[in-house]
Amino acid sequence: MPVIATAPPGAVRHRPRARPRRALGACRVVGSSLVVTLLVVSGAWASWGTVQYSLYAKEVTRGTMTVDRCGPRSCTGPFVPRSPLGEAHPSVELEQRAGRVEGDRVAVALRPETAQVVRTGLAGFLYGWLPLAGALLLASVIVAGGLRLPRPGLAVAATGVALITATFLTAAT
């Protein structure tokens with residue numbers, strides 16, 4: 001009869017260590033956190049290029065643009081400044097196409113040293129943050145799946161959807 005080695009009573013059997021599994025989990029969390037951070041920061045950075053002109057009144061010339069014609073991506077028309085110190089432009093370009101028809105008067109701010117304008121007010125503010133809203137939607141998938149945090153992921157997605165919805169509800173105003 002073969003002899004089977006058994007551990008004495010009370011001895012603890014050693015299991016293989018789970019360090020590789022823990023290391024992979026830590027790498028997943030760190031990597032996912034970096035991707036989420038990169039997405040949100042890049043979305044905010046892309047948004048700030050437009051939002052800063054619709055927020056700050058001292059650095060830009062504000063006025064009104066009357067829409068003459070609209071193309072697939074932008075509308076053009078004359079710009080009349082609000083203050084007498086501003087310079088009128090016979091033709092400026094507004095990148096937003098949604099909700100505009102010929103003859104509309106839109107409150108805008110002129111980008112310095114260009115013939116491009118951005119919308120002001122709540123509609124312009126929300127429209128400027130659209131890149132951030134898209135980044136939040138992308139980040140929500142990583143938060144819910146990569147970080148395994150479904151409720152915070154849902155909250156991030158809801159924030160992005162709310163921002164997009166508010167933007168399109170105010171686009172026609």
Side-chain angles (χ1 to χ4, degrees), residues 21-77 79 82 92-112 114-173:
R21 190 176 273 172
R22 286 183 187 162
L24 287 175
C27 287
R28 177 185 50 81
V29 168
V30 169
S32 297
S33 299
L34 286 174
V35 170
V36 166
T37 303
L38 179 69
L39 281 170
V40 172
V41 168
S42 64
W45 184 265
S47 295
W48 186 248
T50 302
V51 171
Q52 67 179 338
Y53 298 114
S54 66
L55 282 179
Y56 299 119
K58 292 182 180 178
E59 293 145 12
V60 295
T61 304
R62 293 180 181 261
T64 306
M65 174 190 153
T66 304
V67 177
D68 276 347
R69 60 192 152 120
C70 288
R73 300 185 127 217
S74 64
C75 295
T76 58
F79 172 77
R82 190 183 312 167
V92 292
E93 180 181 10
L94 177 66
E95 290 184 13
Q96 181 183 3
R97 167 74 173 103
R100 297 289 126 224
V101 295
E102 294 174 4
D104 279 353
R105 295 176 56 96
V106 183
V108 294
L110 185 66
R111 288 180 185 238
T114 66
Q116 294 182 338
V117 292
V118 295
R119 290 194 60 187
T120 56
L122 180 62
F125 178 76
L126 291 173
Y127 184 78
W129 288 115
L130 272 181
L132 178 63
L136 288 173
L137 287 177
L138 289 172
S140 70
V141 174
I142 298 169
V143 170
L147 293 175
R148 296 184 183 163
L149 298 169
R151 286 185 181 168
L154 184 61
V156 171
T159 303
V161 168
L163 187 54
I164 290 172
T165 302
T167 300
F168 286 106
L169 289 176
T170 61
T173 61

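Numbers here simply count residues along the sequence, with the first being 1.
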Does the Ser47 side chain pair with the main chain of Gly128, one donor and one acceptor, at a distance under 3.5 Å?
-> yes
Criterion side-chain contact (heavy atoms from CB on, under 4.5 Å) on Leu110 and Val92, from CA distance to verdict | CA-CA 8 Å; Leu110 185 66; Val92 292; 4.1 Å; yes
What pair of heavy atoms forms the shortest contact from Leu126 to Thr167, and how long is it?
-> O-OG1, 3.2 Å
Side chain to side chain contact (heavy atoms under 4.5 Å, CB included) with Gln116: which residues, sequence neighbours excluded?
-> Glu93, Glu95, Arg111, Thr114
Okay, side chain of Ser32, backbone of Val29: is any donor-acceptor separation there less than 3.5 Å?
-> no
Could you walk me through whether Arg119 and Leu94 pass side-chain contact (heavy atoms from CB on, under 4.5 Å), step by step?
-> CA-CA 8 Å; Arg119 290 194 60 187; Leu94 177 66; 3.8 Å; yes
Mind running side-chain contact (heavy atoms from CB on, under 4.5 Å) on Thr64 and Val106 for me, showing each step along the way?
-> CA-CA 6 Å; Thr64 306; Val106 183; over 6 Å; no
Taking the side chain as C-beta and beyond, is there a heavy-atom pair between Trp48 and Tyr53 under 4.5 Å?
-> no
Does the Thr66 side chain pair with the main chain of Gly103, one donor and one acceptor, at a distance under 3.5 Å?
-> no
When rounded to the nearest 0.5 angstrom, what is the spacing between CG in Leu163 and CZ in Phe168?
-> 10.0 Å
Would you list the atom pairs, donor with acceptor, under 3.5 Å between side chains in residues 136-162 and any protein atom, with sequence neighbours excluded?
| from | atom 1 | to | atom 2 | distance (Å) |
| --- | --- | --- | --- | --- |
| Ser140 | OG | Leu137 | O | 2.7 |
| Thr159 | OG1 | Ala155 | O | 2.9 |

Taking side chain as C-beta onward, heavy atoms only, is Trp45 less than 4.5 Å from Pro131?
-> no
Would you say the side chain of Phe125 lies within less than 4.5 Å of the side chain of Leu55, judging by non-hydrogen atoms?
-> yes
Quick one: does Met65's side chain get under 4.5 Å of Val67's, heavy atoms only?
-> yes
Kindly indicate whether the side chain of Val108, heavy atoms from C-beta on, has any atom under 4.5 Å from the side chain of Arg62.
-> no
